[in-house]
Q: 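Pasting a structure below so you can have a look.
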2 protein chains.
Amino acid sequence: MEKLSSRAKLADVARLAGVSSSTVSRVLSHPEVVAEATRQAVMDAVAATGYRMNHAARNLRKGRTGSVVALVPNLGNPFFAKILDGMGRELAAAGYGLLVADTLDGQGRDTALVRFLDPSRADGIILMDGLVSSGHLDAPDQPPVITACEWIEGAALPRVMLDNREGGRMAVQHLLGLGHRHIGLIGGPAQNVLHRSRLQGATEAAQHVRLTVMTGDFTLQAGHAAAQAWIAMPQADRPTGIFAFSDEMACAFVATLVRAGFSVPRDVSVIGFDDIELVSHIAPALTTIRQPKRELGRLAARVILDRIEGREVQPLTLLEPLLMLRETTAPPSPRP
Amino acid sequence: MEKLSSRAKLADVARLAGVSSSTVSRVLSHPEVVAEATRQAVMDAVAATGYRMNHAARNLRKGRTGSVVALVPNLGNPFFAKILDGMGRELAAAGYGLLVADTLDGQGRDTALVRFLDPSRADGIILMDGLVSSGHLDAPDQPPVITACEWIEGAALPRVMLDNREGGRMAVQHLLGLGHRHIGLIGGPAQNVLHRSRLQGATEAAQHVRLTVMTGDFTLQAGHAAAQAWIAMPQADRPTGIFAFSDEMACAFVATLVRAGFSVPRDVSVIGFDDIELVSHIAPALTTIRQPKRELGRLAARVILDRIEGREVQPLTLLEPLLMLRETTAPPSPRP
DNA sequence: GAACTGGTTGCAATCGATTTCAAAGCAGTG
DNA sequence: CACTGCTTTGAAATCGATTGCAACCAGTTC
């Protein structure tokens, strides 16, 4: 019954069903065009042989690969994991595989992109690193590329992202609403697009109060360093409300302060960005701006699928940030 | 100079170089067998046409796919992200792509496996979910499968994993060494292999002291629940040292206790498992058993590559756990 | 009965790279 | 000069599924 040795191919099924391989192929991909009786016979033969299609052959013939590649700056970051999760599911549902690659955050940044910018490697590319140079994106027959989370200034690539400016504004407005009049920012690298938008939103909201900007890079280490800088300031110059551009920085900032004997939110309020799952389960729970990560992945997947299948796509898909009010923000304590 | 319209193929390069396509193919894959002069001419033609190989065609001919699939139980978990990172790099270096898929933690668990258990989809599979049923693994012409992190009891699949039993032992021994005589365990699901090995190690080490086991599932919520259970115990019955089988549970446990007015490690010592990066940057910093995650990914990649390329592999690759001594463990306070 | 219709099916070409086999070229040797 | 041995190259088959085109059949219809 089962033909166990050396994998059945289309022709084998055809022989068993007494039809040509064209017909078998048709039953499998356009069942509606073949007569009921034949279809049944073929299906039986398929079952009997345990036939499974050879993807390489189909891909060669159809000129596609069946997979989409996600290029992330740093796979180790838990933030991306959740996004990939959403992406993976959406793509799987549409019959595509998700190939992940790391741009290795700096060094071979463009190599990774170039490697996949090839219609025989991927049907589409979801770029999540805003720092690759857009110079490679103009050759012909390239698979479609979109950006998610981050984006590339000046490139005409569809974007799927959070309204970062609004997020920045919300964070600062929250601190202002609590009564803070000196806001500290722990930002990202100056050239980073997320940094720039969040900074813009924050600045707009903080127009009439004092603003101190510290440079970071979204990592735990940067949060730690910012805390030490804060501690080193004369007390009168310390911002009473801190807005960190990532939860990791916010977390490390709080921890370093607590370890140095300060208390959050009594001595300083802190608000983060992203809403990584873990930060709501530590003490004190971090107040933060939430990015709908899984949703973002899902939407990015949908957009790349639209592009792959030739449908028109909006140049910009914007997600709304959400303020997660928790325990690290409070009105400033009155100065003695 | 550049032939920009419709992608050059082998035959185009051949025509330009004045040789046959066989020769071009040879220059590209076995350069040593072709004469220096010809090779040079071909290389020039390749450069001039901007030729890039068509992977589908090569894969069809060579009967391989060029990618390896990692099946993870839950892509959203930051723990896996780091492992995938290590895997991705190692595989990329060997010319393979990393395809990730989620087993969706329960529901369609086996579907994902079966979908990829197909030599035309993947050259190899790295299985990181110990709960798929091994029943599918015996058909012929299947790509090689190995397990990483978790494994399947009774299946003869190569394993790459931490010495979980030793990790469990180390954790408990650490608590014992501090003077704790009543140890609490926050475990995983009873059927989970990680749970079983860690439990075994822990039990061995705790032979002569009191041991209280709470069931969890590695998530933050489980840690939270365990904390509430601890709080609800009569004071004399509360374990003074807690060993949680994941950092997330440990974290949530600590946070819930702190929020309820307890202090860690004064009222209870807590040690976690995994050493997720974030837990060393919160206050109090979590004492934990470290798994070398990136290394584990890298090794798993190497093992699957060995299997793919037909080399012999060890049935078991065991990594050593490491005690990360931080701030959540201390000698028990004397009972009043 | 011829012509025409619409629904099914098969033939054969095709996708692009790899590889087997044999031929061609060339040098050295008896 | 014929022959052997070696390197280098090309022609053609191959991997397995898809699809344009043509053939075919059974009904209509005139």
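Throughout, a chain's letter reflects where its sequence line sits, starting with A, and its residues are numbered from 1. A quick note: this is a predicted structure, and the numbers were derived from the prediction, not measured.
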Q: In degrees rounded to 10°, what angle is found between the helical axes fit to the five outermost pairs at each end of the helix from C/dG1-D/dC30 to C/dG30-D/dC1?
A: 70°

Q: If a pair satisfies salt bridge (charged side-chain N to carboxylate O under 4.0 Å, His left out) and one of its residues is in residues 61-73 of chain A, list it, with sequence neighbours excluded.
A: none

Q: With a strict under 4.0 Å distance from non-hydrogen atoms of chain A, what nucleotide opens and what nucleotide closes the contacted stretch of DNA chain C, reading 5' to 3'?
A: C/dT8 to C/dG16

Q: Please list, chain by chain and in numerical order, all residues satisfying side-chain hydrogen bond (donor to acceptor under 3.5 Å, both in side chains) with A/Asp217, sequence neighbours excluded.
A: A/Thr219

Q: Under the 3.5 angstrom rule, does the side chain of B/Ser120 hit a backbone N or O of A/His55 as a donor-acceptor pair?
A: yes

Q: Partners of B/Ala92 by side chain to side chain contact (heavy atoms under 4.5 Å, CB included), sequence neighbours excluded?
A: A/Arg115

Q: Answer yes or no: does a side-chain N or O of A/His30 lie under 4.0 Å from OP1 or OP2 of D/dT19?
A: yes

Q: Using the salt bridge (charged side-chain N to carboxylate O under 4.0 Å, His left out) rule, collect all pairs that involve residues 65-84 of chain A, keeping only residues at least two apart or in two chains.
A: A/Lys82-A/Glu277

Q: Hydrogens and angles aside, do B/Asp12 and B/Thr49 bring a side-chain donor and acceptor to less than 3.5 Å of each other?
A: no

Q: Nearest 0.5 angstrom please: A/Leu127 CG to A/Ile146 CD1, how far?
A: 9.5 Å

Q: List for me each residue that meets side chain to side chain contact (heavy atoms under 4.5 Å, CB included) alongside B/Ala17, sequence neighbours excluded, and say none if there are none.
A: B/Val19, B/Val42, B/Ala45

Q: Side chains of residues 294-307 of chain A: which donor-acceptor pairs under 3.5 Å do they make with residues two or more places apart or in other chains?
A:
residue, atom, partner, partner atom, Å
A/Arg294, NE, A/Asp85, OD2, 3.0
A/Arg294, NH2, A/Asp85, OD2, 2.7
A/Arg298, NE, A/Glu90, OE1, 3.3
A/Arg302, NE, A/Glu90, OE2, 3.0
A/Arg302, NH2, A/Glu90, OE2, 3.3
A/Asp306, OD1, A/Arg311, NE, 2.8
A/Asp306, OD1, A/Arg311, NH2, 2.9

Q: Measuring from atom CG of B/Asn77 to atom CE of B/Met128, what distance do you get when rounded to the nearest 0.5 angstrom?
A: 9.5 Å

Q: Contacts to DNA chain D from residues 56-68 of chain B, heavy-atom cutoff under 4.0 Å, which residues?
A: B/Leu60, B/Arg61

Q: Please name all residues satisfying side chain to side chain contact (heavy atoms under 4.5 Å, CB included) with B/Ala56, sequence neighbours left out, ordered by chain then number.
A: A/Asn59, A/Leu60, B/Asn54

Q: Go through the structure and list residues passing side chain to side chain contact (heavy atoms under 4.5 Å, CB included) with B/Gln40, not counting sequence neighbours.
A: B/Glu36, B/Met43, B/Asp44

Q: Dump the pairs, protein N or O against N or O of nucleotides 5-9 of chain D, anything under 3.5 Å, distances to one decimal.
A:
residue, atom, partner, partner atom, Å
D/dT9, OP1, B/Thr38, OG1, 2.2
D/dT9, OP2, B/Ala35, N, 3.1
D/dT9, OP2, B/Thr38, OG1, 3.4

